Amino acid sequence: MKKVLEFIGAIALIQGAVGLLHEFTGWLSWGVIQRLGFLDGHEMYGSLALIVLAFALFAASESIRS
């Protein structure tokens, strides 16, 4: 379970970083945030939420005993 949480956290961190990079520079438009229609106009907040979720998942994976 610990590895699954770390993997999902890494994916969320990458997608959040790609979303912020796209918002600030216009590069890398392959992120999931740009594909979600209900976030139109709020992509930066969605990217920040993914980064916060990633750190929460990393913290949760550290709290699990192996």
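Quick caveat, the model's predicted, so the values are computed rather than measured.
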Same apolar cluster: [X] and [Y], side chain cutoff 4.5 Å:
X     : Y     : answer
Ile14 : Ile8  : no
Val18 : Phe24 : no
Phe38 : Leu48 : no
Ile51 : Met44 : yes
Leu13 : Leu20 : yes

### Task
Would you confirm whether Glu23, through its side chain, and Leu21, through its main-chain N or O, come within 3.5 Å as a donor-acceptor pair?
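Between the backbone of Leu21 and the side chain of Glu23 there is no qualifying donor-acceptor contact (under 3.5 Å).
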What is the distance from atom [atom1] of [X] to atom [atom2] of [Y], rounded to the nearest 0.5 Å?
X     : Y     : atom1 : atom2 : result
Lys2  : Ser63 : NZ    : OG    : 9.0 Å
His42 : Ile33 : NE2   : CD1   : 12.5 Å
Gln15 : Arg35 : CD    : CZ    : 9.5 Å

For [X] versus [Y], what's the shortest heavy-atom pair and its separation?
X     : Y     : result
Gly9  : Ala54 : O-CB, 3.3 Å
Leu28 : His22 : O-CB, 3.7 Å
Glu6  : Phe58 : O-CE2, 3.6 Å

### Message
Looking at Trp30, I want to see if its CH2 is surrounded by more than 12 non-hydrogen atoms of other residues, nucleotides or ligands under 6.0 Å.
### Response
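Enclosed.
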